[in-house]
Amino acid sequence: MSYEYFPNFYDALMDEELYDNWFSFAKPYLPEPGGKVLDVACGTAELAVRLAKNDFEVTGVDLSEEMLAVASEKALREDVPLTLLQQDMSQMEALDTFDLVTCFCDSLNYLETQAQVHGTLQSVYANLKEGGIFLFDVHSVYKVDECFKDYSYGDSDIEISCVWNSFPGEFPHSVEHELTFFRETPNGLYERYDELHKERTYPVEWYQKAITEAGFRKIKICADFTNSEPTKTSERIFFICKK
């Protein structure tokens, strides 16, 4: 998905604590300082910057040119070295052999087809060194089918306001998010921007089978930023996959 307006508002609307949680979740699996980390669907590089500040050699890939532009500005502002590449994660080139690959913030849920998920898993596998780890998370079926059902959210401040409404998507376990942003202009008026984001997920068993088919030999599954196994009401499922 190519974002038109969202990157300009993303950091202001996202809860920074979530990125602290993702970093904390990844911490036990991080390589030694100087190790190579690939952040897939890196967005505005919030996690990538945290990794770079901890002395890892970090590469970020994202499909969105707009996201990468914000990420590049952030890396310069934070004075950290980041390699940023525009790539489709379901068809990534052979970039390097990484110690760790991350793909958080339910990024895999933005892939429209099963073939794209399979392609992403295979691409990540090809870019991992032997013994390397792939960490990713997805929305659970419960979250997509129940929590996002008729979901509506609003957030406002003087500079940026957002209205977020969610509706069932066209596929099983899919959702469409209608996002409307209002940004203050220098003359005190507000400009409106609209975007449609689509997400799709699958049962845990489907992901487990796809991960195995991609070649990973060890898989651990947990939920909601903990080491606990998923339950029927878990909202975010995490996968730890070893090559």
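Note that the structure is predicted; figures quoted are calculated from it, not measured.
Taking CZ of Arg200 as the start and CD of Glu176 as the end, the distance is 12.0 Å to the nearest 0.5 Å. The NZ atom of Lys198 sits 14.0 Å away from atom CG of Leu111, with the distance rounded to the nearest 0.5 Å. For the atom pair CZ (Phe225) and CG (Asn21), the distance works out to 5.0 Å, reported to the nearest 0.5 Å. One distance of note links CG of Leu108 with CD of Glu199; it measures 10.5 Å at 0.5 Å rounding. The CD1 atom of Ile133 sits 8.5 Å away from atom NZ of Lys218, with the distance rounded to the nearest 0.5 Å. Between the NZ atom in Lys220 and the CD atom in Gln208 there is a gap of 14.0 Å [rounded to 0.5 Å].
A 4.5 Å side-chain heavy-atom check between Ser234 and Tyr142 finds every atom pair outside the cut-off. Looking at Phe136 and Leu121, their side chains come closer than 4.5 Å, going by heavy atoms from C-beta outward. A heavy-atom distance below 4.5 Å is found between the side chains of Thr102 and Leu47. Residues Leu85 and Thr59 form a side-chain contact, since some pair of their non-hydrogen atoms from C-beta on lies under 4.5 Å apart. Using a 4.5 Å heavy-atom threshold, the side chains of Leu84 and Cys42 count as touching. You'll find the side chain of Gln87 stays beyond 4.5 Å of the side chain of Asp62, heavy atoms only. Two residues are said to be in side-chain contact when any heavy atoms from C-beta on lie closer than 4.5 Å; Glu46 and Trp22 fail this criterion. Residues Asp39 and Phe104 form no side-chain contact, since every pair of their non-hydrogen atoms from C-beta on lies 4.5 Å or further apart.
With sequence neighbours excluded, the residues satisfying ring pair (Phe, Tyr, Trp, His ring centres under 6.0 Å) with Tyr202 are Trp206, Tyr207. Residues satisfying the salt bridge (charged side-chain N to carboxylate O under 4.0 Å, His left out) test with Glu78, not counting sequence neighbours, are Lys53. For Leu189, the side-chain contact (heavy atoms from CB on, under 4.5 Å) test picks out Thr185, Asn187, with sequence neighbours left out. Applying the side-chain contact (heavy atoms from CB on, under 4.5 Å) test to Asp79 and every residue at least two apart in sequence or in another chain returns nothing. Scored by the side-chain contact (heavy atoms from CB on, under 4.5 Å) test, Ala45 finds Ala48, Val49, Ala71, Leu82 as partners (sequence neighbours excluded). In this structure, the salt bridge (charged side-chain N to carboxylate O under 4.0 Å, His left out) partners of Lys209, at least two apart in sequence or on a different chain, are Glu213. In this structure, the side-chain contact (heavy atoms from CB on, under 4.5 Å) partners of Gln91, at least two apart in sequence or on a different chain, are Asp88. With sequence neighbours excluded, no residue forms a salt bridge (charged side-chain N to carboxylate O under 4.0 Å, His left out) with Lys149. Legend: residues meeting salt bridge (charged side-chain N to carboxylate O under 4.0 Å, His left out) with Asp96, ordered by chain and number and at least two apart, are Lys36.
Note on ring orientation: taking the six-membered ring where Trp is involved, the planes of Phe25 and Tyr29 are tilted (angle from 30° to 60°).
Following chains of ILVMFWY side-chain contacts shorter than 4.5 Å, one can reach Met89 starting from Val124, so the two form part of one hydrophobic cluster. Under a hydrophobic-cluster definition in which Ile, Leu, Val, Met, Phe, Trp and Tyr are linked whenever side-chain heavy atoms come within less than 4.5 Å, directly or via other members, Val58 and Leu30 are assigned to the same cluster. Taken together through direct or relayed side-chain contacts under 4.5 Å among Ile, Leu, Val, Met, Phe, Trp and Tyr, Ile219 and Val40 form part of one hydrophobic cluster. Cluster annotation: Val117 is not connected to Val141 through the hydrophobic network of ILVMFWY side chains, with a link wherever side-chain heavy atoms come within less than 4.5 Å. One hydrophobic cluster, built from ILVMFWY side chains closer than 4.5 Å, cannot hold both Val80 and Leu38; they sit in different ones.
With Ser123 contributing its side chain and Gly119 its backbone, the two residues share a donor-acceptor pair below 3.5 Å. The backbone N or O of Thr180 lies less than 3.5 Å from no partner atom in the side chain of Asp194, so there is not a single donor-acceptor pair. With hydrogens and angles disregarded, no donor-acceptor distance shorter than 3.5 Å links the side chain of Ser72 to the backbone of Leu68. The backbone N or O of Leu179 sits nowhere less than 3.5 Å from a side-chain atom of Glu195 that would complete a donor-acceptor pair.
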(request) Check step by step if side chain to side chain contact (heavy atoms under 4.5 Å, CB included) holds for Met92 and Val61. (result) CA-CA 9 Å; Met92 278 192 299; Val61 302; 3.8 Å; yes
(message) Between Thr233 and Glu146, does the side chain to side chain contact (heavy atoms under 4.5 Å, CB included) criterion hold? Intermediate values first, please.
(response) CA-CA 9 Å; Thr233 57; Glu146 301 297 332; over 6 Å; no
Exercise answer: donor-acceptor pairs, residues 165-173 side-chain atoms, under 3.5 Å, sequence neighbours excluded:
| residue | atom | partner | partner atom | Å |
| --- | --- | --- | --- | --- |
| Asn165 | OD1 | Ser152 | OG | 2.7 |
| Ser166 | OG | Trp164 | NE1 | 3.0 |
| Ser166 | OG | His177 | ND1 | 2.7 |
| His173 | ND1 | Asp145 | OD1 | 3.4 |
| His173 | ND1 | Asp145 | OD2 | 2.8 |

Enumerate donor-acceptor pairs with a distance under 3.5 Å from any side-chain N or O in residues 236-243 to protein atoms, sequence neighbours excluded.
| residue | atom | partner | partner atom | Å |
| --- | --- | --- | --- | --- |
| Arg236 | NH1 | Asp106 | OD1 | 3.0 |
| Arg236 | NH1 | Asp137 | OD2 | 2.9 |
| Arg236 | NH2 | Asp106 | OD1 | 3.3 |
| Lys243 | NZ | Tyr125 | O | 2.9 |
| Lys243 | NZ | Leu128 | O | 2.8 |

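Across Val144 and Phe148, no two heavy atoms sit closer than the pair O-CB, 3.6 Å. The two residues Phe56 and Leu51 have their closest heavy-atom pair at CD1-O, 3.3 Å. Closest approach of Gln116 and Ser90 over heavy atoms only: O-CB, 3.3 Å. Minimum heavy-atom separation, Pro230 to Ala223: CA-CB, 3.8 Å. When all heavy atoms of Thr44 and Met67 are compared, the pair lying nearest together is CG2-SD, 3.6 Å. Across all their heavy atoms, Cys147 and Glu235 have their closest contact at SG-OE2, 3.8 Å.
The local environment of CD in Glu229 is sparse, with at most 12 non-hydrogen atoms from other residues, nucleotides or ligands closer than 6.0 Å.
A donor and an acceptor atom, one from each side chain of Tyr193 and Arg183, are located under 3.5 Å apart.
Within the structure, salt bridge (charged side-chain N to carboxylate O under 4.0 Å, His left out) pairs that include any residue of residues 107-136 comprise Asp99-Lys129 (at least two apart or interchain).
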